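Okay, so here's the structure we're looking at.
Model, not experiment: these values are computed from the prediction. Proteins get letters first, then strands, A, B, ... in listed order; numbering begins at 1 in each.
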There are 2 protein chains.
Amino acid sequence: MFHALADATRRDILVRTLEGEHNVSTLARRYPMSFAAVQKHVAVLEGAGLVSKQRKGREQIVSGNVETMRKANRLLAQLETVWQGRIDRIGEVLADEHNGGKNP
Amino acid sequence: MFHALADATRRDILVRTLEGEHNVSTLARRYPMSFAAVQKHVAVLEGAGLVSKQRKGREQIVSGNVETMRKANRLLAQLETVWQGRIDRIGEVLADEHNGGKNP
DNA sequence: AGAATCTACAACCATTAGGTTGTAGGTAAT
DNA sequence: ATTACCTACAACCTAATGGTTGTAGATTCT
């Protein structure tokens, strides 16, 4: 998932597909690379669950998947929580030191 | 930055360095890979600004950098905002359709 | 001083990623 | 029916990743 987000082109595609639905060709025209390359990027995003495709006649419509992005967000938030836990522990230590100078 | 987060070992290192400070050897012992490999992972994390090193005698102390993680979080939040904007626009369209049946 | 420890860095290797071109199969338009 | 368009997929190339080992520079311990 983070790997899928680690490429600028893919993040841009994600933004576009979150703003509105596009088929692969429409997306591909906006980037200075081949259709196949964009197709691969979309495949990576799809593999990560950040995007999903839906057939509509001869075209394939790509739309962004917020659920997965929220998941990524939650993961990062957890990491921050770890940090916060550390801060709290430092707070405890300070409180303990205040509370007599030695460990109980 | 996302690339740095895209590797499981690096995310684990990040957690450990957010929980508390460790030198590189201490970290390295916890993973089934060579010291040099861990050293490289730390370098990647450092390059992404997710971690910073501080010399202390012969050892190098690694500590997590929350600032950068918040930055990552903010980026994801922005993407969600894009999505939210789309929802809002759909809302407007529905309101317009309600408001007379044709575009003004 | 000498041994042990922690780190930095180079050289190398296998695999993956990001890109290309080319071919082929459906669907839509004329 | 034939042409144009959208997509899927394979083959190939180059550069970057994640890993290895080996060598060397500082710093600490005995």
Side-chain angles (χ1 to χ4, degrees), chain A residues 1-65 68-69 72 75 79, chain B residues 1-65 68-69 72 75 79:
Chain A
M1 196 177 51
F2 285 115
H3 164 246
L5 288 168
D7 183 276
T9 303
R10 283 197 290 264
R11 282 194 301 271
D12 202 84
I13 290 177
L14 187 54
V15 169
R16 290 232 163 83
T17 59
L18 283 168
E19 285 172 347
E21 295 177 342
H22 302 272
N23 60 27
V24 185
S25 312
T26 307
L27 284 171
R29 272 183 226 114
R30 315 210 182 195
Y31 301 97
M33 63 184 77
S34 70
F35 171 81
V38 174
Q39 207 176 9
K40 280 193 191 177
H41 281 305
V42 172
V44 171
L45 286 169
E46 190 182 16
L50 286 161
V51 127
S52 50
K53 291 191 294 188
Q54 193 183 352
R55 253 249 136 63
K56 191 172 185 179
R58 69 179 158 182
E59 44 197 305
Q60 195 90 249
I61 294 196
V62 184
S63 52
N65 191 344
T68 310
M69 287 206 11
L75 276 178
L79 291 192
Chain B
M1 194 176 53
F2 285 114
H3 163 247
L5 288 168
D7 182 275
T9 303
R10 282 196 291 264
R11 282 194 302 271
D12 201 84
I13 291 177
L14 186 53
V15 169
R16 289 231 164 83
T17 59
L18 283 168
E19 284 173 347
E21 295 177 342
H22 302 273
N23 61 27
V24 184
S25 311
T26 308
L27 285 171
R29 273 184 225 113
R30 315 211 181 194
Y31 301 97
M33 64 184 78
S34 69
F35 171 80
V38 173
Q39 208 177 8
K40 280 193 191 177
H41 281 305
V42 171
V44 171
L45 286 169
E46 190 181 17
L50 285 162
V51 126
S52 49
K53 290 191 294 188
Q54 192 183 353
R55 252 250 136 64
K56 191 172 184 179
R58 69 181 157 182
E59 43 197 306
Q60 195 90 248
I61 295 195
V62 185
S63 51
N65 192 344
T68 311
M69 287 204 13
L75 276 178
L79 291 193

When rounded to whole Å, the CG to P distance for the pair A:Leu45 and C:dA17 reads 13 Å
Does A:Gln39 put a side-chain nitrogen or oxygen below 4.0 Å from OP1 or OP2 of D:dA8? yes
Give a yes or no on whether a donor-acceptor pair under 3.5 Å exists between the nucleobase atoms of D:dT7, that is its base, and the side chain of A:Arg58. no
Which nucleotide in the list C:dC6, D:dT17, C:dT20 gets nearest to the side chain of B:His3? D:dT17
Rounded to the Å, how far apart are B:Lys40 NZ and D:dT20 P? 9 Å
Please report the distance, rounded to the nearest Å, between CD in B:Glu59 and C1' in D:dA26. 13 Å
Would one find a side-chain N or O of A:Arg10 under 4.0 angstrom from OP1 or OP2 of C:dG19? no
Heavy-atom side-chain proximity of A:Arg30 to A:Asp12 below 4.5 angstrom: no
Quick check: do A:Arg10 and A:Leu50 have side-chain heavy atoms less than 4.5 Å from each other? no
In whole angstrom, what separates B:Asp7's CG from C:dT15's P? 18 Å
Minimal heavy-atom distance between A:Gln54 and A:Gln60, with the atoms involved, is C-OE1, 3.5 Å
Phosphate OP1/OP2 of D:dG19: any B:His41 side-chain N/O under 4.0 Å: yes
Counting side-chain heavy atoms from C-beta on, which of D:dT7, C:dC9, C:dG18 comes nearest to B:Ala36? C:dC9
Gap between atoms CD and P, on B:Gln54 and C:dC6 respectively (whole Å): 18 Å
A:Leu5 backbone acceptor or donor facing A:Arg11 side chain under 3.5 Å: yes
Whole angstrom is fine here: how far is it from NE2 in A:His22 over to C1' in D:dC5? 19 Å
Does C:dT5 have OP1 or OP2 under 4.0 Å away from a side-chain N or O of B:Ser25? no
Could you check how far CD of B:Glu46 sits from P of C:dT7, rounded to whole Å? 13 Å
Nucleotide nearest B:Phe35 when distance is taken to its side chain, options D:dT7, C:dT7, D:dG18: C:dT7
Nucleotide C:dT7, atom C1' - distance to CD1 of B:Ile61 in whole Å: 13 Å
With a 4.0 Å limit, can you tell me whether B:Ser34 has a side-chain N or O closer than that to the phosphate oxygens OP1/OP2 of D:dT20? yes
With a 4.0 Å limit, can you tell me whether B:Lys53 has a side-chain N or O closer than that to the phosphate oxygens OP1/OP2 of C:dA8? yes
Give a yes/no on whether any side-chain N or O of B:Arg29 is located under 4.0 angstrom from OP1 or OP2 of C:dC6. yes
With respect to the side chain of B:Gln60, which nucleotide from C:dA8, D:dT7, D:dT20 is positioned closest? C:dA8
Shortest non-hydrogen separation from B:Val38 to B:Ala28 and the atoms involved: CG2-CA, 3.7 Å
